[in-house]
2 protein chains.
Amino acid sequence: MDHQHGRLLVVGGTHGNERTAPWILQCWEAQPALFASPLPTTNCIGNPEAYGANRRYMDRDLNRCFTEALLRDRNCTVREVSRARELVDTYGPNGKNPHSLVLDLHTTTAAMGSSVVVCGERPVDLALAALVHQAIGIPIYLFRINEEHPEECGFLVRRWPCGLVLEVGPVAQGIVDMGTVRKTAACLESVLAVLGDCLRSKAKLPESVVVHRHLASLDWPRDGDGRRIAGLHPDRSQWDWTVLLPGDPLFLMETGETIAYQGEEPVWPVFCNEASYEEKGIALSLTQREIKTPPADGLEALLALLGS
Amino acid sequence: MDHQHGRLLVVGGTHGNERTAPWILQCWEAQPALFASPLPTTNCIGNPEAYGANRRYMDRDLNRCFTEALLRDRNCTVREVSRARELVDTYGPNGKNPHSLVLDLHTTTAAMGSSVVVCGERPVDLALAALVHQAIGIPIYLFRINEEHPEECGFLVRRWPCGLVLEVGPVAQGIVDMGTVRKTAACLESVLAVLGDCLRSKAKLPESVVVHRHLASLDWPRDGDGRRIAGLHPDRSQWDWTVLLPGDPLFLMETGETIAYQGEEPVWPVFCNEASYEEKGIALSLTQREIKTPPADGLEALLALLGS
């Protein structure tokens, strides 16, 4: 084991039909100089079987399978649970080939641009996200962990001491779009540069960052048979990251009727029209915008993990 | 049977994960005044089972199942072949509820905008496509029928005396994007207006139209294991409908190498980065641009079908 430096795991294809990151990792393998990592770095395809089948998953969303309970349940035959266990046993902090940091590269069909998703509020993740935000300006989405809800726990990044999700869109599932490749590569480069700054003791947290804290997800209006009967209202030209005020048009019903947003406070929507969330009953998620002081102890924890 | 007028069948969801047209048909049902059809018109979901599952198809691409051989083979257990037979037996020109014209509404992940696809070169289809092109300006793609190749025959529209495919993109599979809904609705409105002109004897063919005739489809460069090792070259900002000259950059390899287009003539690519064509081994299709005189006998045949 290398005690000098932390190791970085870069995962693409956690969802098998998000093909941008696997393509980048494939190019990186063919061109080792494509990205300069300041740390010993391992690349892997999160869900190789689903990637081969060009499907999000085979049995279950891999990125909801990393709960303690599922990882412990050796009788579970769900393919993604076995794969989650394999990833943790191989690359986890106590695995055969231990890694201390993970980047999980995703795409979305939502027109969100590039963003960094923090799952939970570990100071170390917040510190790294704040440094990335400072470096490249992409928004931060703070997703809450809710162990009571199967869609709100079990994220890959949580099984490593530090981990971020990079999310880039809009791009259709199943394709490699070179514009999306470029945006994702720019985010990856930025994280690698930030980690290099940390190793050279040059990282300095910003005094404050704007974060978007998850509040709730909204389902589509549905009829008695569960059939979806609305779309996102066309009068908003931009949905993601753009304030939605009480009374603003929210849904356009099949009848032509407009449903206004009923909340009492301004919210900032994200993941509007993410194709894979249809089955989760999520039309969009709502966040509140906050100014947050990045935690100094998070940066200390990050530096300790990096072994710098 | 109504011998006064032809009947129009409008199909959405021939591919179950192309959700724009089913949404439009759902709105049309909820708001009968949404579109004014000059003909008795029936709407239907092409592949309801795949639509319910949010998949392109269950067993086989429905829009390749309308061959004479498959429709005759009563022992075939492929779900889409049974559905094709059901559609023909119900709404076909000799079905229980006969229709003489069909519109098949599709979307693509390719950034093609709106277009009209003519499968084969039936004069009646060419005449209607020319009228639509004249009315709304969208490009015409002439797809060849090749009974020897399972991917190049068996199209739904060919089982009706007259039929066009309307294709709108780019949009991700699995979502309803209101911009794409608007573009598709505009195309549908235009076809209905053209048919109204025909019924009022006001339709006049343009003297000439530009068409894009299918030449060939190109697969991605692959390695010995069949793994794709290239993407569309990022130096072209627009791929579809934009001339590709001999020597122009075509593919960017995983190694960073550029592969130039090797053909001897200028071509116009279409369906660049269509997600569902990955499994068909199609990276993009090439067309040649031609000026064509719309066939007068095609317009006569159309008017006869309309019973005007």
Side-chain angles (χ1 to χ4, degrees), chain A residues 17 19-20 22-31 33-34 52-56 107-111 169-182 220 223 226-237 239 251-257 272-279 283, chain B residues 17 19-20 22-31 33-34 52-56 107-111 169-182 220 223 226-237 239 251-257 272-279 283:
Chain A
N17 56 3
R19 304 183 79 79
T20 304
W23 173 251
I24 290 173
L25 299 184
Q26 186 176 332
C27 291
W28 195 0
E29 198 166 308
Q31 306 173 62
L34 197 58
N54 198 6
R55 288 167 52 177
R56 182 172 174 89
T107 58
T108 171
T109 64
V171 67
Q173 296 166 343
I175 68 169
V176 176
D177 164 73
M178 288 299 183
T180 309
V181 167
R182 272 188 200 167
W220 303 105
D223 66 12
R227 193 178 68 143
R228 169 181 166 178
I229 52 171
L232 290 176
H233 203 286
D235 282 2
R236 288 173 69 82
S237 59
W239 273 91
F251 293 121
L252 183 65
M253 306 290 280
E254 61 175 22
T255 56
E257 186 194 353
C272 302
N273 253 341
E274 162 53 39
S276 63
Y277 288 180
E278 179 80 28
E279 67 176 23
Chain B
N17 56 4
R19 304 184 80 78
T20 305
W23 173 251
I24 290 173
L25 300 184
Q26 186 177 333
C27 292
W28 196 359
E29 197 165 310
Q31 305 174 63
L34 197 59
N54 199 6
R55 287 167 53 178
R56 183 173 174 89
T107 59
T108 171
T109 63
V171 67
Q173 296 166 343
I175 68 169
V176 176
D177 165 74
M178 288 299 183
T180 309
V181 166
R182 274 188 198 167
W220 303 105
D223 67 11
R227 191 178 70 142
R228 170 181 165 178
I229 53 173
L232 291 176
H233 202 285
D235 281 2
R236 289 173 68 82
S237 59
W239 272 91
F251 294 121
L252 183 64
M253 306 290 281
E254 61 175 21
T255 56
E257 186 193 353
C272 301
N273 252 341
E274 164 51 41
S276 62
Y277 288 179
E278 179 79 28
E279 67 177 22

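Because the structure is a prediction, the values reported are computed rather than measured. Letters go in sequence order (proteins before strands), and every chain restarts at 1.
The contact between B/Ile229 and chain A is made by backbone and side chain atoms together, counting heavy-atom distances below 4.5 Å. Interface remark: A/Ile24 contributes no atoms to any contact with chain B (heavy atom separation under 4.5 Å).
Expressed to the nearest 0.5 Å, how far CD1 of A/Ile175 lies from CD of B/Gln173 amounts to 9.0 Å. Between B/Gln26 atom CD and A/Asp223 atom CG the span is 7.5 Å, to the nearest 0.5 Å. Atom CZ of A/Arg55 is separated from atom CZ of B/Arg55 by 7.0 Å, given to the nearest 0.5 angstrom.
Of the listed residues (B/Arg227, B/Arg19, B/Met253), the greatest number of heavy-atom pairs within a distance under 4.5 Å of chain A belongs to B/Arg227. Ranked by heavy-atom pairs under 4.5 Å with chain A, the first of B/Asp177, B/Leu252, B/Leu232, B/Val176 is B/Val176. The candidate from B/Pro234, B/Ala111, B/Cys272, B/Ser237 with the greatest count of non-hydrogen atom pairs under 4.5 Å with chain A is B/Pro234. Contact count against chain A (heavy-atom pairs under 4.5 Å) is highest for B/Arg228 among B/Glu274, B/Arg228, B/Glu279, B/His233.
In terms of modelled atom types and a separation under 3.5 Å, the side chain of B/Glu254 and the main chain of A/Trp23 share no donor-acceptor contact.
Sparse packing is recorded around CD of A/Glu29, with 12 or fewer heavy atoms of other residues, nucleotides or ligands lying under 6.0 Å away.
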